[in-house]
Protein chains: 2
Amino acid sequence: MTDQPIRLLLADDQALVRGALAALLDLEADLTVVAQVGRGDEVVAAARDYRVDVALLDVEMPGLDGIAAAAALRAHVPTCRSLVVTTFGRPGYLRRALDAGASGFVVKDTPAEQLADAVRRVHRGLRVVDPELAVESLAVGTSPLTERERDVLVAASGGGTVADIARATFLSEGTVRNYLSAAMAKTGGRTRAEAVRIADENGWLLA
Amino acid sequence: MTDQPIRLLLADDQALVRGALAALLDLEADLTVVAQVGRGDEVVAAARDYRVDVALLDVEMPGLDGIAAAAALRAHVPTCRSLVVTTFGRPGYLRRALDAGASGFVVKDTPAEQLADAVRRVHRGLRVVDPELAVESLAVGTSPLTERERDVLVAASGGGTVADIARATFLSEGTVRNYLSAAMAKTGGRTRAEAVRIADENGWLLA
DNA sequence: GCGTCGGGATGACGAATGTCATCCGCGCGA
DNA sequence: TCGCGCGGATGACATTCGTCATCCCGACGC
C-alpha cells in the first residue's frame, strides 16, 4: 500500500492556526500539505497549481468566504474535494456548504485526532458531517429571510442609523424600516440589533 | 546542553486549534506540551498539577478569559509565565494583558515559526510583544469608558431593549440611557449598537 | 385572468431612544 | 474646605424607530 500521499491545501486567515494545522496533518504519513493560503480568493489558483486533492477551508476569510470558495473549487478544479472547517454553532452554514459542493463539514472543537480521518474519508469520496451539527441544522432549517431582508440586515450589522442603511442599500428610509420590521418578525428579535445577532448566529447573513 | 524541556500548557476553547498547536510545538525538541484545557477556569489547577513553565492562553475562553487567567496564574502559580494569544486587532487587550502579569502577547496571524521562539523567550524571562501591535496599542490608548459605562455596553451587546439592560444591570432605565449616551459620546458611535461595536473592536469590553 | 408573492415606496402613529439639565451623595485630590 | 468626577436617579424634549395600512408594479402559478 505505497499510495501517493493525499495532497492538502489549507485556507485560513490566521497564520498561526494554519501553520499549526499543517504541523498536525503532516504528522500523518499518508497526508502532505502542499499549499497554504490566507485568503479565499487565492484558493482556486493554489489548488490548480499544486494539484490539490483535498482543500481545508475556513468559513471566515477575507476575499472570499469558505463556502463561496468551495463553490469556486467545484466549478474550476473539480478533482479537488473540499472540507469546510468553522467555529462552533452556525448550523445554517452546513446546508449551504453542502449545496456549494463541499464534501465535508467539521467544527473547530472536534478532537484533533479526528481531523486526519475526516480528510481521508473526504478523499475517498465520502461525505463527512458532524452528526450533532446535522440535527441542529435540520432544527434551525433554512433561512426564512428574503434576499433584500438579508441585505438590509447585513447593512445594519455595522450599527448605523436607518439613514446609513438606506444609503448603503440604495433604498428609501421607509423601505428600510419595512424590511427591518419584517426581518425582526421572522427572526423573533425585538430590536434590529437582536435580529442581526440571531440571523448571524444561524448563519443567515452570508452571500 | 541537555536541559529539561520547557513544560507547556495550552488553553484554547477550540479543540482542533489546541491539538494543532500541540502538534506544532511538540515538534521542537526543547518543548513539551504537558497539559491542555478548554476553559479559563481550569488553567490554574492544570498549571499547578503539571508543573507548567509557560502557559499559552487564548483570550476568548469560557469560564475565565485569558487575561483574567493570566492574573490568576501570577497570583497562584508564580513560577508559571504566561503568553497570551489572541485574534488580530484588539490592541486594548495588550495593555491589560501586561497589567495582568502576562509575559508575552502574540496575535494569531503571526507566522507559525515564530511561536516556539516566543515561548523560549518568555521562558527565559523576556517580554514578547508584537511591535506593530504595540504602537497600535499606544495609538488607541486606554479605555475612556468608566466601569458602569462598560457594564451597560456589555449588557447592551446582546441587542436587547433599554428595559432589558436595566434589568440586567439593576439600574433605572433613565440611568441606562444616560450611560449609553455617555458611552456613545466617548466612543464616537452614533447608535448604541455602533458604540458596542467600536468598544468591542478596541478591546474595551472585557472585565 | 386572477391570486399571490417579492420589491419598492409613502404616510401616519405610538413607543422607544438619545440628549440635556438638574439633583443627590460620596470619595478624593488640591 | 472646595471642587471635581463618578454612581445613580428623575423629568422633559425632539428624534428616531418599529408597526401598520395602503399603494404600484412585475413575475409566477394555475
Side-chain angles (χ1 to χ4, degrees), chain A residues 92 95-96 99 141-202 204-207, chain B residues 92 95-96 99 141-202 204-207:
Chain A
R95 149 70 41 80
R96 301 234 309 292
D99 288 349
T142 185
S143 171
L145 299 174
T146 188
E147 192 180 346
R148 288 299 175 286
E149 288 162 1
R150 189 186 54 76
D151 289 343
V152 171
L153 276 190
V154 169
S157 66
T161 70
V162 171
D164 295 334
I165 305 169
R167 263 190 302 277
T169 54
F170 304 100
L171 291 175
S172 163
E173 297 193 14
T175 306
V176 167
R177 290 216 296 261
N178 287 345
Y179 282 132
L180 282 177
S181 190
M184 288 162 62
K186 289 182 178 177
T187 57
R190 285 153 35 248
T191 307
R192 88 176 88 178
E194 201 171 2
V196 167
R197 184 177 56 80
I198 293 172
D200 185 42
E201 286 174 355
N202 287 334
W204 293 339
L205 292 190
L206 269 83
Chain B
R95 151 69 40 83
R96 300 237 309 293
D99 289 348
T142 184
S143 169
L145 300 174
T146 189
E147 190 181 346
R148 287 298 174 286
E149 288 163 1
R150 190 187 52 76
D151 289 345
V152 171
L153 276 190
V154 169
S157 66
T161 70
V162 170
D164 295 335
I165 304 170
R167 263 192 302 278
T169 55
F170 303 103
L171 291 176
S172 163
E173 298 193 13
T175 305
V176 168
R177 291 214 298 261
N178 289 144
Y179 283 133
L180 283 177
S181 190
M184 287 161 63
K186 289 181 179 177
T187 56
R190 283 150 43 245
T191 307
R192 86 177 83 172
E194 201 172 359
V196 167
R197 182 176 56 78
I198 293 171
D200 186 41
E201 287 173 355
N202 286 334
W204 295 339
L205 292 189
L206 268 84

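Numbers restart at 1 for each chain; the letters A, B, ... are given by sequence-line order, proteins then strands. Values below: every heavy atom of this structure, side chains too, minus hydrogens, waters and symmetry copies.
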- request: Specify the separation, in whole Å, of atom CD of A/Glu173 and atom P of C/dG7.
  value: 20 Å
Of B/Thr191 and B/Leu171, the one whose closest DNA chain D nucleotide lies more 5': B/Leu171
task: For residues B/Lys186 and B/Thr146, report the shortest heavy-atom separation together with the two atoms involved.
output: NZ-N, 4.2 Å
message: With hydrogens left out and only the distance checked, is there a donor-acceptor pair under 3.5 Å joining A/Asn178's side chain and the base of C/dT10?
response: yes
field: Rounded interatomic separation in angstrom, taking CZ from B/Phe170 and C1' from D/dA9
entry: 17 Å
query: Where is the tightest heavy-atom contact between B/Ala156 and B/Ile165, given as atom of each residue plus distance?
result: CB-CD1, 3.5 Å
- prompt: What is the distance from CZ of B/Arg190 to P of C/dG18, rounded to the nearest Å?
  reply: 12 Å
query: How long is the line joining CG of B/Leu180 and C1' of C/dA16, in whole Å?
result: 12 Å
query: Starting at CD1 of B/Ile165 and ending at P of D/dA9, how long is that distance when rounded to a whole Å?
result: 14 Å
- prompt: With respect to the side chain of B/Met184, which nucleotide from D/dC17, C/dT19, D/dG18 is positioned closest?
  reply: C/dT19
statement: From OH of A/Tyr179 across to C1' of D/dC17 the rounded distance in Å is 18 Å
- prompt: Between B/Thr146 and D/dC6, is there a side-chain N or O to OP1/OP2 distance below 4.0 Å?
  reply: no
message: Between A/Val154 and A/Val196, is the side chain to side chain contact (heavy atoms under 4.5 Å, CB included) condition met? List the steps.
response: CA-CA 8 Å; A/Val154 169; A/Val196 167; over 6 Å; no
message: Can you identify which nucleotide, out of C/dG18, C/dG8, D/dT19, has its nearest atom closest to the A/Ser181 side chain?
response: D/dT19
field: Nearest-neighbour nucleotide for the B/Arg192 side chain, D/dG7, C/dA9, C/dT17 considered
entry: C/dT17
- line: Between CD of B/Glu149 and C1' of D/dG8 the distance, given in whole Å, is 13 Å
query: Under 4.0 angstrom, heavy atoms only, what part of the nucleic acid is A/Arg177 near: base, sugar-phosphate, or nothing?
result: base
task: Could you state the atom-to-atom distance from CZ of B/Arg148 to P of D/dA9 in whole Å?
output: 10 Å
field: Given A/Asp151, A/Asp164, A/Val152, the one that forms side-chain contact (heavy atoms from CB on, under 4.5 Å) with A/Val176
entry: A/Val152
- prompt: Are any non-hydrogen side-chain atoms of B/Thr169 and B/Arg148 less than 4.5 angstrom apart?
  reply: no
task: Looking at every strand, decide which applies to A/Ser172 at a 4.0 Å heavy-atom threshold: base, sugar-phosphate, or nothing.
output: sugar-phosphate
